[in-house]
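By convention in this document, chain letters (A, B, ...) are assigned in the order of the sequence lines, proteins followed by strands, and residues within each chain are numbered from 1.
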There are 2 protein chains.
Amino acid sequence: MSDAVDAIIGQWEAERPDLTDALWPVQVIGRLQRLGRILEKEIKTFAAERGLEMGEFDVLTTLQRSGPPYELTAGAFRKAAMVTSGAITNRIDRMEAKGLVERVRDTDDRRAVKIRLTERGHEVTSAFMKDHLANEARLLADFGREGSEELAAQLRRLLEAFGDTSIK
Amino acid sequence: MSDAVDAIIGQWEAERPDLTDALWPVQVIGRLQRLGRILEKEIKTFAAERGLEMGEFDVLTTLQRSGPPYELTAGAFRKAAMVTSGAITNRIDRMEAKGLVERVRDTDDRRAVKIRLTERGHEVTSAFMKDHLANEARLLADFGREGSEELAAQLRRLLEAFGDTSIK
DNA sequence: ATTGATTATTTCAACGTTGAGATAAAAGCA
DNA sequence: TGCTTTTATCTCAACGTTGAAATAATCAAT
C-alpha cells in the first residue's frame, strides 16, 4: 500500500537521486504535516458549525479542563496555544464580546490579566465537548482504537524527543 | 514518561469524568496537532532564513520533484498544497516577481495556466534541498532513524484511512 | 450551431496571526 | 528611595489565507 507521501518520495528519488539517502525524514515529517493539515481542517469545520473560530474553541476547552476557578492568564494561553500575544488579545476581545469569557485584573500582579470562563462559556463548552470527541472518534474509526493506542505511544516518544513535556 | 497531551487528558479526566471513556482519540489527534504545529514552525523558520514564505517553499519543491518540464497547473498546486485558489494566485504572483517561476498559458486549454520553474528557481531549490533534509534529520536525530521508520509505517496506515492516497 | 453547464483562474474584501513597539507594573539592586 | 531590568499585556500595521463573485474558456447536448 502507498500513500501521497510515498509518491512524493518516489518523485524525489527519480529527479534527485543524489538525495535518496537523505530522504528518510520525509517519511515521518511529510506525513505529520499532511495529517496536521487534514485534522486542522476537520476541527475548524466542526468549530465553525458552532459559530466558533478554532482559536476560540481552544481557549474554551483549555479553560474548562483547567478546572475551578476556570481562569488562566493571557500568558498561559499564549504558551498553551503556541501563538503570539497579539493573537491572544484578539481572541479574548472577540470572546468577551460574545460573553464567553471575561477579563479580570489580577489583584496581586496588576500587569497580569486573568481570563475567566463565564457561565455562558461553560454551557457552550459543555454542550460541544461530547460531540467534539465523537467527531474525533469518527475520524479514527477506520484506523481503530487499538491502532490508535499503538500510534499514540510512538507519538508520545516523538513529542518527548522534541521536549514537549509540559502544557505550561 | 508523559508529555503535554498526557497532562491534558489528565485534566479532562479530573474535570469531566463523564468524558473519560471518550477521550481516547485525543491521544492521537492531540499529539498530531501539536507535532504539526511544532514542525510547521521549524520549517517556516528554515524557509524564512532563505527569504521564502512557506508556501513558496512548497511550490518550488513541488515543481522540482515533478521532473521535466518542471511545470504544473495552478490547480495542481491547489490540490497538492491543500489551499484555496486565491492563495495559489497570490503565491505565484510573488514568486513571479522574484523570478522563481513564470506563468505560461496552456496552448491546448487556454483556461489553464502552467507554472514553470525558471533557471533561477531551479538553482534556489537545488541550493536549499540538501540543507532542508539535513534540518529534518536533525529534528528526528533523538528519535532515531529506526523509530522513524516504524512510526512512518503507522502514519501511512492512518493517511490511507483518511483516503490521502494521491498527490493529485 | 446554440445554449447551458462545467472547469480554471483571478479578483477582492474580510479575517486571524505575526512581530515589533508601546505601556505599565513588578522585581532586583545599589 | 531611586534606577534599571524584566515581565505581562495591548496596539497596530503588514502579511497570507479564505471564500465568494467575476471572468473566460471548454465541454455536453440537442
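- Contact check for A:Leu158 versus B:Leu140: side-chain heavy atoms found under the 4.5 Å cut-off.
- Contacts classified as ring-ring contact (aromatic ring centres under 6.0 Å, His included) and involving residues 104-127 of chain A (residues at least two apart or in different chains) are given here: A:Tyr70-A:His122.
- Residues meeting the side-chain contact (heavy atoms from CB on, under 4.5 Å) test with B:Glu53, sequence neighbours left out: B:Glu56, B:Arg94.
- In this structure, the side chain of B:Lys130 does not engage the main chain of A:Ala22 through any donor-acceptor pair within 3.5 Å.
- Residue pairs satisfying the ring-ring contact (aromatic ring centres under 6.0 Å, His included) criterion with at least one member in residues 77-109 of chain B, sequence neighbours excluded, are absent.
- Residues B:Met129 and B:Leu133 have side chains in contact (heavy-atom distance under 4.5 Å, counting atoms from C-beta outward).
- Nucleotides of DNA chain D with any atom under 4.0 Å from a heavy atom of chain B span, from 5' to 3', D:dG16 to D:dT26.
- Salt-bridge formation is not detected for the pair B:Asp3/A:Arg157: no Lys NZ or Arg NE/NH1/NH2 atom is positioned less than 4.0 Å from an Asp or Glu carboxylate oxygen.
- Of the possible donor and acceptor atoms, one in the side chain of A:Thr118 sits under 3.5 Å from a partner among the backbone N and O of A:Gly99.
- Within a heavy-atom distance below 4.0 Å of DNA chain D, the residues of residues 45-62 of chain B found are B:Glu53.
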If you restrict it to nitrogen or oxygen atoms, what contacts under 3.5 Å exist between nucleotides 19-29 of chain C and the protein, and what is each distance?
| unit_1 | atom_1 | unit_2 | atom_2 | d |
| --- | --- | --- | --- | --- |
| C:dA26 | OP1 | A:Arg110 | N | 3.1 |

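- When ring centroids are compared, B:Phe143 and A:Phe162 stay outside the 6.0 Å threshold.
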>> Can you give me the dot-bracket string for DNA chain D, 5' to 3', counting Watson-Crick and G-U wobble pairs with both distances under 3.5 Å, using [ ] for crossing pairs and | for partners on another strand?
In response: ||||||||||||||||||||||||||||||

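- For B:Arg103, the side-chain contact (heavy atoms from CB on, under 4.5 Å) partners are B:Thr89, B:Ile92, B:Asp93, B:Glu96, B:Val113, B:Ile115, not counting sequence neighbours.
- Residues from residues 92-106 of chain B placing a heavy atom under 4.0 Å of any atom in DNA chain C, listed by number, are B:Arg103.
- With sequence neighbours left out, the side-chain contact (heavy atoms from CB on, under 4.5 Å) criterion links A:Gln27 to A:Ile9, A:Arg31, B:Glu149, B:Ala152, B:Arg156.
- Remark: A:Thr45 pairs with A:Glu49 by the side-chain contact (heavy atoms from CB on, under 4.5 Å) rule, at least two apart or across chains.
- With respect to B:Gln64, the side-chain hydrogen bond (donor to acceptor under 3.5 Å, both in side chains) criterion is satisfied by exactly one of A:Glu15, A:Arg16, A:Gln11: A:Arg16.
- Pairs engaging residues 14-49 of chain B under the ring-ring contact (aromatic ring centres under 6.0 Å, His included) rule: B:Phe46-B:His132 [sequence neighbours left out].
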